[in-house]
Amino acid sequence: PLFINILLKFMVIVFRFHKNKLYHCYNPSMTARIGKREIEGFLFDVDGTFYGKEEHNRIFDAIQLQLAVAILAASGKSKTSDDEIRLMKSKYLEKVAEIGKWQRSFIELGGSPDQYRILAGDADRSRHLNFNPELRLTLDKIKALPTKLGILTSAATEVTKNTCSKLLGNGWNNLFEVVVCEDSLPSNIQKPDLRVFQFANEKLGVSPERAAMVGDSIGDDILPAAALGMLTVYVGEKESGPWDLHLRRVEELAAYLTNA
């Protein structure tokens, strides 16, 4: 019927208007290409993505020891030996391997959500890191293509600021149009919730189909981004997986990009 056709056309017009308003208009001068995909914006995870396995292991070994001490304290042991701490750390890692969740494992062994946030989520990584001029140059090159850059991390804002300041040096925040951290997200959502990635793309002003997610976690970065239609760039040692591009180090990314 004529009325139905008019209504459908009206709905299409409204959808296109709001989509353009939401993500802004496509700007061909702000586009890079990875293979056949044109990309207007990149979202980067930080922990495990901006620094390598050695630094990652050093940081999280220190965090795991702190979590072990907190679990022992929660059980009533105010004084503990190094052997007891190492034993509890091993028990904690066994629980993580069993259920696959870091925070839930900590809570099941006697810790609290607030303790986990303070000791793990809010732990300062920067003292284990050094300035990385190669990473800074890589991000400078990508931004100069030009494209939009953003951060999407599960870490807290202050932790992210300290980490990026140490790795990227002065003026690091000028590289990124948006920095989305766990404590800057709408309430009750966190990675890998698809709404997190939608929120970050909206802030960046790029539609998911023209955005790329760069991260080291299959579950928290790659799968949800792929579900939204984003191009996915995995940084890590796994040889095969559900990603579009695999890098050993994030510094390799610039070599795969060309001007669209």
Side-chain angles (χ1 to χ4, degrees), residues 32 34-35 37 39-57 59-60 63 96 100-104 120-121 123 125 129 132 135 138-139 142-143 147-157 159-160 163-164 167-168 175-186 188-204 206-254 256-257:
I34 297 182
R37 289 282 294 269
I39 302 298
E40 289 184 73
F42 290 84
L43 289 170
F44 291 89
D45 175 54
V46 175
D47 289 329
T49 300
F50 275 178
Y51 50 82
K53 185 176 180 181
E54 182 179 338
E55 293 90 347
H56 187 270
N57 289 344
I59 289 167
F60 284 92
I63 290 174
V96 171
K101 298 291 183 181
W102 293 92
Q103 181 172 349
R104 182 177 151 200
R125 283 87 157 138
L129 302 169
N132 185 342
L135 175 60
T138 296
L139 295 173
I142 297 171
K143 187 175 180 67
T147 55
K148 297 179 179 180
L149 305 186
I151 284 175
L152 176 56
T153 175
S154 295
T157 298
V159 172
T160 301
T163 299
C164 290
L167 287 170
L168 300 173
L175 289 167
F176 304 100
E177 274 75 17
V178 296
V179 177
V180 179
C181 303
E182 186 176 49
D183 52 352
S184 62
L185 286 165
N188 300 321
I189 65 170
Q190 58 185 340
K191 284 183 177 182
D193 193 313
L194 296 188
R195 291 173 294 175
V196 170
F197 295 81
Q198 291 171 326
F199 177 82
N201 277 305
E202 290 169 15
K203 290 291 185 182
L204 192 61
V206 177
S207 66
E209 296 79 10
R210 302 187 69 83
M213 180 67 210
V214 184
D216 70 308
S217 172
I218 305 299
D220 285 347
D221 299 319
I222 302 304
L223 291 178
L228 278 184
M230 299 175 69
L231 184 137
T232 53
V233 181
Y234 167 70
V235 181
E237 297 183 344
K238 290 183 171 63
E239 294 295 336
S240 60
W243 50 73
D244 298 303
L245 178 64
H246 176 207
L247 308 175
R248 294 287 181 182
R249 302 168 63 243
V250 72
E251 291 87 348
E252 300 168 3
L253 179 58
Y256 287 88
L257 302 179

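One is the number of the first residue; the rest follow in order along the sequence. This is a predicted model, so every value here is computed, not measured.
The main-chain N or O of Pro208 is never found under 3.5 Å from a side-chain atom of Asn201 such that the two would form a donor-acceptor pair. In this structure, Glu177 contributes its side chain and Leu149 its backbone to a donor-acceptor pair below 3.5 Å. Looking at Arg248, its side chain never comes within 3.5 Å of a backbone N or O of Val235 through a donor-acceptor pair. In this structure a side-chain-to-backbone donor-acceptor pair under 3.5 Å is present from Asp244 to Thr232. Side chain of Thr147 to main chain of Ile142: a donor-acceptor pair is present (N/O by atom type, distance under 3.5 Å, no hydrogens or angles).
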Task: Test side-chain contact (heavy atoms from CB on, under 4.5 Å) applied to Phe176 and Leu139, step by step - done: CA-CA 9 Å; Phe176 304 100; Leu139 295 173; 3.9 Å; yes
Open item on the list: Run the side-chain contact (heavy atoms from CB on, under 4.5 Å) test on Phe197 and Leu152 for me, step by step, so that the C-alpha distance in whole Å, both residues' side-chain angles and the decisive distance to 0.1 Å come before the verdict.
Closed with: CA-CA 8 Å; Phe197 295 81; Leu152 176 56; 3.6 Å; yes
Open item on the list: Go through it in stages, so that I can follow the logic: the residues are Leu257 and Ile39, the test is side-chain contact (heavy atoms from CB on, under 4.5 Å), and I'd like the CA-CA distance, side-chain angles, deciding distance and then a yes or no.
Closed with: CA-CA 9 Å; Leu257 302 179; Ile39 302 298; over 6 Å; no
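Between the CG atom in Asp221 and the OG atom in Ser154 there is a gap of 7.5 Å [rounded to 0.5 Å]. The CG atom of Leu247 lies 10.5 Å from the OH atom of Tyr234; values are rounded to the nearest 0.5 Å. To the nearest 0.5 Å, atoms NZ (Lys238) and CD1 (Ile222) are separated by 10.5 Å. Atom CG of residue Leu245 and atom CZ of residue Arg37 lie 11.5 Å apart, to the nearest 0.5 angstrom. The NE2 atom of His246 lies 8.0 Å from the CD atom of Glu237; values are rounded to the nearest 0.5 Å. Distance check: Thr49 OG1 to Met213 CE gives 6.5 Å after rounding to the nearest 0.5 Å.
Contact between Ile151 and Cys164 at its shortest, heavy atoms only, is CD1-SG, 3.7 Å. What you find for Leu135 and Asn132 is that their closest heavy atoms are N-OD1, 3.0 Å. Contact between Leu204 and Gly150 at its shortest, heavy atoms only, is CD1-N, 4.2 Å. The nearest pair of heavy atoms linking Gly48 to Asp216 is O-CB, 3.5 Å. Nearest heavy atoms, Ala227 versus Leu194: CB-CD2, 4.0 Å. Phe60 approaches Arg125 most closely through the heavy-atom pair CZ-NH2, 4.0 Å.
For the pairing with Lys191, the salt bridge (Lys or Arg N to Asp or Glu O under 4.0 Å) check across Asp220, Asp47, Asp45 returns one residue only, Asp45.
Using a 4.5 Å cut-off on side-chain heavy atoms (C-beta onward), Ile59 and Leu129 make contact. Looking only at side-chain heavy atoms (C-beta outward), Leu175 and Phe44 stay at 4.5 Å or farther from each other. Between Leu185 and Val196, the closest side-chain pair of non-hydrogen atoms falls below 4.5 Å. No side-chain heavy atom of Arg195 sits under 4.5 Å from any side-chain heavy atom of Phe199.
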